Amino acid sequence: MPGGATFSDEDLLAIEARMREVIAADQAFERHEATPREAQDLFADHRYKLEIIERVTAGEDDSELAGEVSDGGSVSYYQNGDGFIDLCTGPHVASTGRLGHFALQKVAGAYWRGDERQPMLQRIYGTAWATGADLADYLDRLVEADKRDHRRLATELDLVSWPEPLGPGLAVWHPKGALVRKIIEDYSRARHEAGGYDFVFSPHIAKSVLWETSGHLDFYAEGMYPAMELDGVTYYLKPMNCPFHVMVYQSGQRSYRDLPTRYFELGAVYRYELSGAVHGLLRSRGFTQDDAHIFCTRDQVASELASLLDFSVSVLRAFGFDEFQAKLSTRPAEKSVGEDVLWDLATEGLREALEAAEIPFTVEEGAGAFYGPKIDLDVTDAIGRAWQLTTLQVDFNLPDRFGLEYVGADGGRHQPVMIHRALMGSVERFFGVLIEHYAGAFPSWLAPEQVRVLPVAAEHQAYAESVAGRLSAAGFRVSVDAADEPLGKRVRSGKVAKVPHVLVVGGDDVDGDTVGDNARGADGPERDVPVADFMVRLADEVEARR
RNA sequence: GCCCGAGUAGCUCAGUUGGCCAGAGCAGGCGCCUUGUAAGCGCCAGGUCGUCGGUUCGAUUCCGACCUCGGGCUCCA
């Protein structure tokens, strides 16, 4: 902008008003083609547009440019009635009068060409739809997503908070949030135990030599908290668990008979995320990976990847996710380590695993890490948003750097292949995604409070407590809300707290050993349910993870 | 880290175009009410108006820096 001025949100109103004028004028869009020479004259005052023209002329062809100018030697641009001209491949609608159902949303910075080394420009975000109803639907979906915001719900449901004195991206877990987390972790541990994993533990800090050997100080230093000096020794807080698991592997001699060896740890790691990137539980600076490292032979890579993928999908299904998509990232064009045969073996192994599991995937050419190819697995939540959770990464680098070995059937020493696997990704992030997926209404098996018993009046208090006592003895999480407030208010509190079952007990129930069940999501109360029947019902619900 | 914006009670928010003791609802505490299905009534307590500087007779309000948060970019579990 002239004089270094910037746009702010207040300018959006004026811009939107001007847009409505242009739309009302129904100006036709005209498409023109020009030679690069002519185009340069036309956009002589536009530094960035000249850059685009120059790159096109130089024959550089990448997807980003393809959206802005046509290929072949010519440059296309559009002009409308009041003389506005801009580069574009098109197509455009015939005239401005065809538009109209739009909303300008926000102003934000964006690096030129998406590169943080380039200058930052401003971008104005808007959305446009074919009809006013479509636009309204879209805006409603944004409101719905906002209602599910895990930061809002975590506060309202008293699950987690982010006290200022801790620092950005660092949370404390309140009793209810911690209870849900414990259930999640217990389930994870149980599945891993059944799935042939060995559990390991590792400390939060290690001497610099570990990170030098692993290479993290070379390629991951900017993501690590700064060094701690103690007794002349330098320590680092761990950003990843893998080097520790390597230490466990290296603690003894390994035979091919031991492989695959699968180490599992809920390992807390700390990463120095950019301050602008931190986002509630979804992106924090301290988080707990459900991290596994698998050491196997080359021959085992394909089958191991297939079983890892099956295992991951099976665990995710238990948490209510049933739609998956994956990205398969292949060898980067620039620097990478490892033999071609290994890359091919691993990449094909990943592809076959995805195909066998019938998970739709896209191939991201060259998007793999320098040390190996990977699969990133997304789940779709209840309102259709995709969340990346699981990552499976094959690593040819660490076994080499640490000189890992196993003794083969031939009696010789061989290098194992290492596979990194985070299933939920991070427990914190997974919890945040679950909150948004369930809109805070956790299914009974996860709900911190499964049942709340409300005596109609004080005289029913003893009965309410006896019902709660029986439920509690059966292993359910239950509380009693005494009759200090009117029943309606207490029912409302229970509903607002998203308790799966709010039980009302009064004189009829005392006589019949029954409860009135207000199941979350039901139209109304169900009266006179025998306590024994309710317990069976709840047990089924928990068992089925509904 | 960068661009734009925001910080008022535990939560959600009013408000002060610079000036008397800064407000409400919910939540909390204490009473009353004893309740059959989504907010009963009253009282009380709770705020260095994010922090530190500056301008001013006077700053929660204006200016600056910093901190934190939000939306993006980059990055990513």
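A note on names: the letters A, B, ... follow the listed sequences, proteins ahead of strands, and every chain is numbered from 1. These figures come from a predicted structure and were not determined experimentally.
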So that I can tick it off, tell me whether A:E144 and A:R148 are bridged by a salt bridge, with the cut-off set at under 4.0 angstrom between side-chain N and carboxylate O.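 A:E144 and A:R148: salt-bridged.
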Are A:R527 and A:D517 within salt-bridge range, i.e. N to O under 4.0 Å?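 Answer for the salt bridge query: no.
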Once each nucleotide of nucleotides 34-40 of chain B is scored for protein heavy atoms under 4.0 Å, what B/S/- sequence comes out, 5' to 3'? BBBBBBB
Considering only atom [atom1], compute the distance from [N] to [M] and round it to an integer number of Å.
N: B:G54; M: B:C44; atom1: P; result: 40 Å
N: B:G70; M: B:G50; atom1: C1'; result: 15 Å
N: B:G53; M: B:U60; atom1: P; result: 12 Å
N: B:G64; M: B:A27; atom1: P; result: 41 Å
N: B:U17; M: B:C75; atom1: P; result: 46 Å
N: B:U74; M: B:A14; atom1: C1'; result: 38 Å
N: B:C11; M: B:G28; atom1: P; result: 15 Å
N: B:G29; M: B:G71; atom1: C1'; result: 39 Å

Between A:H204 and A:Y270, how do the two ring planes meet: parallel, tilted or perpendicular, split at 30° and 60°?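 Aromatic pair A:H204/A:Y270 classed tilted.
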Please work out which of the three classes, parallel, tilted or perpendicular, describes the rings of A:F311 and A:Y197, given edges at 30° and 60°.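 Correct class here is tilted.
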Which residue pairs satisfy the side-chain hydrogen bond (donor to acceptor under 3.5 Å, both in side chains) criterion with at least one member in residues 455-471 of chain A, sequence neighbours excluded?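 Listed once each, the pairs are A:Q461-A:E465, A:Y463-A:D513, A:R470-A:D513.
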Is there, by distance only and without an angle test, a donor paired with an acceptor across the side chain of A:E273 and the base of B:A77 below 3.5 Å? yes
Using only side-chain N and O atoms of A:H279, determine if any of them is under 4.0 Å from OP1 or OP2 of B:C76. no
Check this one for me: any side-chain N or O of A:R151 less than 4.0 Å away from OP1 or OP2 of B:G71? yes
So if I take residues 373-380 of chain A and measure heavy-atom distances to RNA chain B, which residues fall below 4.0 Å?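 None - not one residue of the stretch has a heavy atom sitting under 4.0 Å from the strand.
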Pull out every residue in residues 166-188 of chain A that has a heavy atom closer than 4.0 Å to any atom of RNA chain B, ordered by number, or say none. A:P168, A:G169
Step-by-step side-chain contact (heavy atoms from CB on, under 4.5 Å) determination, A:E428 to A:W173: CA-CA 10 Å; A:E428 288 81 354; A:W173 294 65; 3.6 Å; yes
Every protein N/O within reach of nucleotides 2-4 of chain B N/O, cut-off under 3.5 Å:
residue: B:C3; atom: O2'; partner: A:Q122; partner atom: NE2; Å: 3.3
residue: B:C3; atom: O2; partner: A:G109; partner atom: N; Å: 2.9
residue: B:C4; atom: OP1; partner: A:T6; partner atom: OG1; Å: 3.4

So A:W387 and A:F430, side-chain contact (heavy atoms from CB on, under 4.5 Å) or not? Walk me through it. CA-CA 9 Å; A:W387 301 94; A:F430 189 72; over 6 Å; no
Atom pair distance, as rounded to whole Å: [atom1] in [X] and [atom2] in [N]:
X: A:R283; N: B:G70; atom1: CZ; atom2: P; result: 13 Å
X: A:K327; N: B:C76; atom1: NZ; atom2: C1'; result: 11 Å
X: A:L274; N: B:G71; atom1: CG; atom2: C1'; result: 16 Å
X: A:Y125; N: B:G70; atom1: OH; atom2: C1'; result: 15 Å
X: A:R285; N: B:C76; atom1: CZ; atom2: P; result: 16 Å
X: A:L142; N: B:G71; atom1: CG; atom2: P; result: 12 Å
X: A:F431; N: B:A77; atom1: CZ; atom2: C1'; result: 16 Å
X: A:Q105; N: B:G70; atom1: CD; atom2: P; result: 19 Å

Between the protein and nucleotides 6-9 of chain B, which nitrogen or oxygen pairs come in under 3.5 angstrom?
none

Over all strands shown, is [X] touching base, sugar-phosphate only, or nothing at heavy-atom distances under 4.0 angstrom?
X: A:T288; result: nothing
X: A:Q388; result: sugar-phosphate
X: A:F430; result: nothing

Could you work out, with side-chain hydrogen bond (donor to acceptor under 3.5 Å, both in side chains) as the rule, every residue matching [X], not counting sequence neighbours?
X: A:E365; answer: A:T330
X: A:R191; answer: A:Y187, A:S314
X: A:H174; answer: A:D158, A:S161
X: A:D186; answer: A:K182

State whether the aromatic ring of A:F287 stacks on the base of B:A77, taking stacking to mean ring centres under 5.5 Å apart and ring planes under 30° to each other. yes
Taking it one step at a time, do A:S284 and A:E273 satisfy side-chain hydrogen bond (donor to acceptor under 3.5 Å, both in side chains)? CA-CA 7 Å; A:S284 56; A:E273 296 293 340; over 6 Å; no
Under the 3.5 angstrom rule, does the side chain of A:D376 hit a backbone N or O of A:K327 as a donor-acceptor pair?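 Such a contact is absent between A:D376 side chain and A:K327 backbone.
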For the side chain to side chain contact (heavy atoms under 4.5 Å, CB included) test, which of A:T391, A:T390, A:I375 pairs with A:S312?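 Filter result, single survivor: A:T390.
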How would RNA chain B look in dot-bracket form, 5' to 3', counting Watson-Crick and G-U wobble pairs with both distances under 3.5 Å and writing | for bases paired to another strand? (((((((..((((.....[...)))).(((((.......))))).....(((((..]....))))))))))))....
Hey, mind stepping through A:V529 and A:R537 against side-chain contact (heavy atoms from CB on, under 4.5 Å) and telling me if it holds? CA-CA 10 Å; A:V529 180; A:R537 180 187 299 184; 3.8 Å; yes
Roughly how far apart are [X] [atom1] and [Y] [atom2], rounded to 0.5 Å?
X: A:R520; Y: A:Q450; atom1: CZ; atom2: CD; value: 10.5 Å
X: A:H279; Y: A:R429; atom1: NE2; atom2: CZ; value: 9.5 Å
X: A:D291; Y: A:C242; atom1: CG; atom2: SG; value: 6.5 Å

For A:R181 and A:T288, what are the C-alpha separation, side-chain angles and deciding distance, and is it a side-chain hydrogen bond (donor to acceptor under 3.5 Å, both in side chains)? CA-CA 11 Å; A:R181 174 175 177 160; A:T288 309; 3.0 Å; yes
Between A:F201 and A:F244, ring centroids under 6.0 Å: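 No, the ring of A:F201 stays outside the 6.0 Å limit from the ring of A:F244, centre to centre.
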Please list, chain by chain and in numerical order, all residues satisfying ring pair (Phe, Tyr, Trp, His ring centres under 6.0 Å) with A:F219, sequence neighbours excluded.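 If we apply the ring pair (Phe, Tyr, Trp, His ring centres under 6.0 Å) test to A:F219, skipping adjacent residues, the hits are A:H216, A:F370.
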